[in-house]
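So you know, we letter chains A, B, ... as the sequences are listed, proteins then strands, and number each from 1. Heavy atoms only: backbone and side chains are in, while hydrogens, waters and symmetry mates are out.
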Amino acid sequence: MLITVHSLGRSTHKCPTISLSSCNFLLSFPAQNSISHYSSTTTPHSLLSILPPCPSVQQVKQVHAHIVAAGLAGNHTIMGHLLSALALSPSTSSDYPCEIFRRIGNPNIFAANNMIRCLAKGKLPRDSLLLYADMMRSNLLPNNYTFPFVLQACSKALAIAEGTQIHAHVVKLGFTEDIYIRNALIHFYSACHKTESSRQVFDENPQCCDLVTWNAILATHARGGQIDIAEKLFGEMPDRDVISWSTMIVGYVQGGYLEKGLECFREMREKGLFPNEAILVTVLSASAQLGLLEHGQLIHSTIESLNFPMSVSLSTALIDMYAKCGCIEQSRQIFSKMPQRDVWTWNVMICGLASHGLGNEALAMFENLRGEGLQPVNVTFVGVLNACSRAGLVDKGKHYFRLMTEDYGITPEMEHYGCMVDLLGRAGYVADALELIEKMTIQPDPVLWGTLLAACKIHGLVELGETIGKKLIKLEPTHDGYYVLLAGIYAKANKWEDVVRVRRLMVDRGTSKVAGWSLIEAQGKVHQFIAGDREHERSSEIYMMLEVIDGRLAEVGYSPDISPVLHDIGEEEKAIVIKEHSERLAIAFGLLVTETGNCIRIVKNLRVCEDCHKVSKLISKVFEREIIVRDVSRFHHFKDGSDENNGLNVL
DNA sequence: GTAGGGTTAG
């Protein structure tokens, strides 16, 4: 079987030449970075042996200069070692290794392998395959070292066809029992999302297996969305290291099994094992997604007690966790103390500020980012446009949308359009929002139309709302949200017959309503409530507390707004249903179990309804409690009777 | 005279 690739000779590398200038810099290079241990008796061999494990290109060049000076530049083995050193250096440029290799007249397999390795590690891993093909054509037979390198290139380049042919070479040349090659094959198929092929290699020879094999097959199934199979293998494997745990934790969290990921992390810590950075960032992300502040804080203190090096990624994950758990001040503090930041650090800070309703501060951040000469990316603009939307800054939103597309050449994605439609729609420019949707270069998705539908509800646009609502219901007949929004539009316009009609249609079609839940962390546990929940062990106290809240709020003149309840039931029952919304239960529980004056933090999976919003504001005043509610799209800071940072006072 | 698995964020 032949690999049909072009010769390496046709590749367009710009190779700098090794000449006197390379030798000369030996004299001018700073002593602390140079190979300074040589004397007149030092040989190129001994110089190679004192190179550090990951040498800099400069250090390799110094040794190279000596090799050239000693007249050994034609020695295959010595040049192979030089390439081996370059493969381990942090630089990924292939120009210099290419030049070295080009000057070796007839490379032996050792030099060729190390060149393949350099190319596999570089920016154009496919060049590695070209060299392999060249090698085969010139009858230089690959050995057991060649395959792991060339398969690594296939994995990186996602070169499925070429990798599969190389697998055939492995079989033909009798290397199927080599554990390094087997592991490289399992990893290659896994990287290319060929779960079955990867598993097949594993199953063909289950005895030929070490920890790396187990970790590779674990990753295959975790990556392929078969977390249950990965879980089973994890239980069966004879030995585990930090990579095994890392694979499982990342696998759970990526697959959306956030609690399982956190549980797995806890188990690992109980066994006395130390986490790595990927694990820490991942569990911080899981805590952030779940809104578990206490858990996130626990991970933060673990990081500190382990004296874990605080990298840019780790700090960024902490900023994101605190922002998503309602502590934007903590995010600000970590951000301001960071000696270095990357674009992701700015992204999470901008998005965090925007979600807390701090639109102007988010925009100021964005200008600082530009001031530092960093290049914003698509996610940065999601934060920026969200900030404009939250603060009702229509003109600025339009300005940044233009800046994104025209100055930065970023093609708008669905999220960007979503922000713009939200911004225009909320501010009352529904016709402009509609025009933007109609001009879009990509097909608008139902969520985008839903955003416009919500704007129709805010501004009481029955006719347009009806058109969009019907269109959406036709598009996604089992999605209850669109029926609810349309019914809400009718209800607001007092068109009760239409409300009943839509509601019946919804019941007839058997749509499934996403159950609303709210959670609160207290006493080291997570407490989750659904509407009308009576499962909690302190349920009777919670319902008594609801009565107390009712009484205190009645004293300040509150009466329930029952329009969000569209059930065909009496007024009194409607008031009860709304009173038992999940966030009310969570707040009542919070008032019961947290100390007077402490903040109550709630996470909710849906939007807060208008009545609950009003009630939360009143509770914050009457009970003198700060209440922070994270709903599906933003934070509400209820304090002293108002929703702070929410100038527009829209949900 | 060379080798491998996990790599995070809206």
Side-chain angles (χ1 to χ4, degrees), chain A residues 45 48 75-88 108-118 120 143-152 155 178-188 190-191 198 209-220 222-223 230 237 240-251 253-254 261 275-286 288-289 311-321 323-324 342-352 354-355 377-386 413 415-416 418-419 633:
Chain A
H45 267 114
L48 278 165
N75 184 311
H76 295 173
T77 304
I78 289 178
M79 298 321 272
H81 278 294
L82 208 60
L83 289 170
S84 165
L86 281 171
L88 295 168
N108 61 4
I109 188 66
F110 177 60
N113 283 346
N114 281 305
M115 187 62 220
I116 287 176
R117 193 176 164 204
C118 282
N143 66 8
N144 56 319
Y145 286 97
T146 318
F147 291 111
F149 298 145
V150 79
L151 284 167
Q152 197 177 57
S155 307
D178 184 295
I179 200 158
Y180 282 93
I181 298 173
R182 262 172 53 76
N183 293 347
L185 280 168
I186 292 169
H187 173 70
F188 155 69
S190 168
S198 176
C209 195
D210 65 4
L211 183 54
V212 177
T213 324
W214 280 102
N215 286 342
I217 197 66
L218 215 57
T220 296
R223 202 179 279 144
M237 59 197 286
R240 297 165 186 164
D241 66 359
V242 70
I243 293 179
S244 328
W245 287 94
S246 174
T247 307
M248 282 314 291
I249 293 168
V250 174
V253 175
Q254 301 268 54
N276 58 21
E277 193 180 83
I279 292 176
L280 291 169
V281 172
T282 303
V283 288
L284 280 171
S285 156
Q289 288 179 63
S311 66
V312 173
S313 332
L314 201 50
S315 304
T316 303
L318 277 170
I319 293 173
D320 187 47
M321 183 276 290
K324 290 212 177 85
D342 65 11
V343 71
W344 275 106
T345 319
W346 292 89
N347 288 350
V348 299
M349 200 63 225
I350 292 169
C351 291
S355 75
V377 294
N378 51 1
V379 176
T380 323
F381 283 100
V382 173
V384 167
L385 296 175
N386 239 325
E413 291 161 30
E415 283 99 329
H416 301 111
C419 295
S633 71

OP1 or OP2 of B/dA3 under 4.0 Å from side-chain N/O of A/Y180: no
With A/F147 via ring-ring contact (aromatic ring centres under 6.0 Å, His included) - residues at least two apart: A/F175
Contact under 4.0 Å: A/H76 side-chain N or O vs B/dG1 OP1/OP2: no
Test item: A/S155 side-chain N/O and A/L151 main-chain N/O as donor-acceptor pair under 3.5 Å: yes
Out of B/dT2, B/dT8, B/dA9, whichever nucleotide has its closest atom nearest the side chain of A/W344: B/dA9
Beyond-backbone contact of A/V343 with A/V379, side-chain heavy atoms, under 4.5 angstrom: no
Sugar-phosphate only, base, or nothing, as touched by A/V382 at under 4.0 Å among non-hydrogen atoms: base
Touch class at under 4.0 angstrom, heavy-atom based, for A/A184 against every strand present: nothing
Sugar-phosphate only, base, or nothing, as touched by A/R182 at under 4.0 Å among non-hydrogen atoms: nothing
Sugar-phosphate only, base, or nothing, as touched by A/T77 at under 4.0 Å among non-hydrogen atoms: nothing
Touch class at under 4.0 angstrom, heavy-atom based, for A/L151 against every strand present: nothing
Sugar-phosphate, base or nothing in reach of A/I109, heavy atoms under 4.0 Å: base
Student check: side-chain heavy atoms of A/E413 and A/V382 closer than 4.5 Å: no
Sugar-phosphate, base or nothing in reach of A/F147, heavy atoms under 4.0 Å: nothing
Sugar-phosphate, base or nothing in reach of A/R240, heavy atoms under 4.0 Å: nothing
